[in-house]
Amino acid sequence: MLGPQFALVDVNNFYVSCERVFQPRLQCVPMVVLSNNDGCAVARSNEVKALGVKMGTPWFKMQDLAREHGILAFSSNYTLYADMSNRVVSVLRAFSPDLEVYSIDESFLRVDRVAHLHGGACAMGQCMRERVALWTGLPVCVGVGPTKTLAKLANHLAKKNAVFNGVCDLNDMTRAERVEWMSKIAVSEVWGVGRRLTQRLDLLGIHTVLDLRRANPMDIRTHFGVVLERTCQELRGVSCLSLEAMAPAKKQIIASRSFGGAIENKAQLLEALSSHVARAAEKLREQKSLCAALQVFLQTNRFKPNEPQYNPAVLVPLMEPTDDTLKLTRAASSALTQIFKMGYRYKKTGVMFCGLTQASQRQESLFESNLEKDRSTRLMGTVDRINQHFGSGTIQSAACGVSQKAWQMRSNNRSSRYTTCWMELPVVS
DNA sequence: TCTGGGGTCCTAGGACCC
DNA sequence: TCTGGGGTCCTAGGACCC
């Protein structure tokens with residue numbers, strides 16, 4: 001009997017595919033979805049990939065190409081993508097309870113205990129594809145192998161080679177076939193091998209997946225450390241990375257955004273910063289953590305070397321751990337006062353919450369009454385419920401600003417929140 | 001004019017402890 | 001001239017992921 005078997009299920013061109021579900025006219029139209037602030041292309045349709053557009057290309061740099069080929073660009077619509085992601089996961093969970101949500105569009109599943117119910121891993125993969133397509137409208141590919149790294153590799157094969165029809169199980173191949181495929185794939189495609197490692201591996205004559213698989217793991221360890229050694233072992237079928245069914249609580253929470261334009265005055269920076277604090281604090285409470293210190297940073301535009309640059313950051317310890325948006329906002333405000341200097345054109349600000357602990361393990365305070373704590377907990381609970389129900393930002397602290405916000409990011413072509421907002425349901429006429 | 005936003009892990013080196 | 005052998009914790013920087 002085989003050991004553990006992992007499947008990696010991944011939505012093709014996830015953000016693009018989400019848009020197409022609700023606007024079928026976009027099928028086969030070359031299109032991209034842009035990052036926040038309508039900056040870079042972070043999702044590309046196959047038509048755009050075929051034109052040679054790389055991941056992360058700034059939108060303003062592809063204007064000519066876009067005009068020539070009629071490329072459409074959408075602002076990112078994370079409310080929609082997050083909801084679609086949850087739907088895919090709930091479909092997959094029915095296939096195997098051992099599931100790890102790895103990213104917004106990828107999940108690992110343990111399949112060895114359940115594949116026989118579907119007549120094998122390959123048939124199970126096809127079944128998952130059909131059901132996800134039927135129930136969510138999204139196209140997925142499935143890769144199966146004895147380690148997570150091999151499942152990732154199999155997924156890559158499934159995506160790139162029509163012969164697999166969207167599902168690739170490495171166990172279904174002969175040894176010779178596996179060797180053949182591995183010799184054809186660049187080592188840079190391996191999960192955990194980025195740009196730097198690729199360069200250094202090249203120098204050692206390791207160019208393909210097969211080369212890395214055949215390298216001596218101990219040599220890899222001495223040259224590159226334990227991380228790549230694990231990768232090497234995983235390629236050889238030795239499972240080093242286990243499934244993490246429970247997402248561990250985050251150790252830090254960051255909220256930051258570039259501005260639509262440059263900001264020079266402190267009042268506007270404070271509004272933007274307060275909004276980021278509010279978002280980060282929501283995440284903090286969602287994972288039931290408290291924050292012991294926060295870091296505030298400012299950035300000028302690094303793409304404009306002729307402008308004076310200033311990128312300060314300051315860490316502010318809190319009197320005691322808290323998840324109260326108002327206290328965190330006050331701390332962030334004083335941090336901003338410490339680092340703000342007139343005369344710079346700022347492009348971005350943000351906040352990082354550090355020293356996170358579980359709220360259930362909060363120490364009794366010497367300085368704060370329980371009465372005040374209860375009041376804060378109830379207030380924050382109410383704010384969160386209102387914002388969940390009526391949409392985020394429905395209720396916020398006055399520090400976030402009330403008028404037209406000059407610092408707000410560009411989002412010029414966002415689709416509707418089709419699945420989470422009654423007023424924006426798709427209409428069939 | 002326009003260039004994203006989130007995370008994790010590992011390592012090396014220094015401070016400090018007994 | 002000789003100058004131990006462990007530890008821990010923290011931080012900065014580098015690498016990776018999506």
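Here is the naming used below: chain letters follow the sequence lines, and residue numbers restart at 1 for every chain.
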**Message:** Can you see if the side chain of A:Ser256 gets near the phosphate of B:dG6 - specifically, an N or O under 4.0 Å from OP1 or OP2?
**Reply:**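 Yes, within the criterion.
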**Request:** Look at all strands and tell whether A:Arg200 reaches a base, only sugar-phosphate, or nothing, counting heavy atoms closer than 4.0 Å.
**Result:**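 Since no nucleic acid heavy atom lies under 4.0 Å of A:Arg200, the category is nothing.
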**Request:** Have a look at A:Ile104 and say if it touches a base, only the backbone sugar-phosphate, or nothing, with a 4.0 Å heavy-atom cut-off.
**Result:**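 Result for A:Ile104 = nothing.
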**Message:** Rounded to whole Å, please give me the gap between NE2 in A:His223 and C1' in C:dG14.
**Reply:**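 Between C1' of C:dG14 and NE2 of A:His223: 18 Å.
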**Request:** Check every atom of C:dC17, B:dG4, B:dC9 against the side chain of A:Lys251 and return the nucleotide holding the closest atom.
**Result:**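 The closest nucleotide is B:dC9.
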**Item:** Strand DNA chain B in bracket notation, Watson-Crick/G-U under 3.5 Å with | for pairs to another chain
**Value:** ....||||||||||||||
**Prompt:** Contact class for A:Leu34 vs. all strands (heavy atom < 4.0 Å): base, sugar-phosphate, or nothing?
**Reply:**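 Result for A:Leu34 = nothing.
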**Request:** Would you classify A:Gln63 as touching base, sugar-phosphate or nothing, given that sugar-phosphate means primed atoms plus P, OP1 and OP2, and contacts are heavy atoms under 4.0 Å?
**Result:**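 The residue A:Gln63 makes no contact with any strand.
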**Request:** Would you indicate, yes or no, if B:dG6 has its OP1 or OP2 atom less than 4.0 angstrom from a side-chain nitrogen or oxygen of A:Lys250?
**Result:**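 Negative; the distance criterion is not met.
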**Prompt:** Taking the side chain of A:Ser35 as heavy atoms from C-beta outward, which of C:dC18, B:dG4, C:dC16 is closest to it?
**Reply:**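 So the side chain of A:Ser35 is nearest to B:dG4.
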**Asked** Do any side-chain nitrogens or oxygens of A:Lys283 fall under 4.0 Å of OP1 or OP2 in B:dG7?
**Response**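 So the side-chain polar atoms of A:Lys283 do come within 4.0 Å of the phosphate oxygens OP1 or OP2 of B:dG7, strictly under.
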**Request:** Would you please indicate if the ring centroids of A:Tyr346 and A:Phe297 are separated by under 6.0 Å?
**Result:**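 They do not qualify: ring centres at least 6.0 Å apart.
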**Prompt:** Between A:Lys347 and B:dC2, does any side-chain N or O lie under 4.0 Å from OP1 or OP2?
**Reply:**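 False: A:Lys347 side-chain N/O out of range (4.0 Å or more) of B:dC2 OP1/OP2.
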**Prompt:** Within less than 4.0 Å of OP1 or OP2 of B:dT11, is there a side-chain N or O belonging to A:Arg221?
**Reply:**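 Answer is no, no contact under 4.0 Å.
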**Message:** Please classify the nucleic acid contact of A:Val11 as base, sugar-phosphate, or nothing, using heavy-atom distances under 4.0 Å.
**Reply:**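 Contact class for A:Val11: none.
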**Item:** Nearest-neighbour nucleotide for the A:Ser258 side chain, B:dG4, B:dG6, B:dC10 considered
**Value:**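 Of the options given, the side chain of A:Ser258 lies nearest B:dG4.
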**Item:** Sugar-phosphate only, base, or nothing, as touched by A:Asp105 at under 4.0 Å among non-hydrogen atoms
**Value:**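 The answer is sugar-phosphate, as A:Asp105 gets under 4.0 Å only of primed atoms, P, OP1 or OP2.
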**Request:** Check every atom of B:dG4, B:dT1, C:dC16 against the side chain of A:Lys304 and return the nucleotide holding the closest atom.
**Result:**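 Given the options B:dG4, B:dT1, C:dC16, the side chain of A:Lys304 is closest to B:dT1.
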**Request:** Please check the phosphate of B:dG6 (OP1 and OP2 only) for any side-chain N or O of A:Arg279 closer than 4.0 Å.
**Result:**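 Checking B:dG6 against A:Arg279, a side-chain N or O does come within under 4.0 Å of OP1 or OP2.
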**Request:** Return yes if a side-chain donor-acceptor contact under 3.5 Å exists between A:Thr337 and A:Lys266, otherwise no.
**Result:**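 Yes.
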**Asked** Picking from B:dG5, C:dA15, B:dC10, which would you name as closest to the side chain of A:Arg196?
**Response**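 Ranking B:dG5, C:dA15, B:dC10 by closest atom to the A:Arg196 side chain puts C:dA15 first.
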**Message:** If the cut-off is 4.0 Å, is A:Arg257 near the phosphate of B:dG6, judged by side-chain N/O to OP1 or OP2?
**Reply:**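 So the side-chain polar atoms of A:Arg257 do come within 4.0 Å of the phosphate oxygens OP1 or OP2 of B:dG6, strictly under.
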**Item:** Selected nucleotide, minimal atom distance to A:Phe60 side chain, candidates B:dC2, B:dC9, B:dG4
**Value:**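 Nucleotide nearest to A:Phe60's side chain: B:dC2.
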**Prompt:** Which of the following nucleotides, B:dC10, C:dA15, B:dG4, is nearest to the side chain of A:Cys40?
**Reply:**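 Ranking B:dC10, C:dA15, B:dG4 by closest atom to the A:Cys40 side chain puts B:dG4 first.
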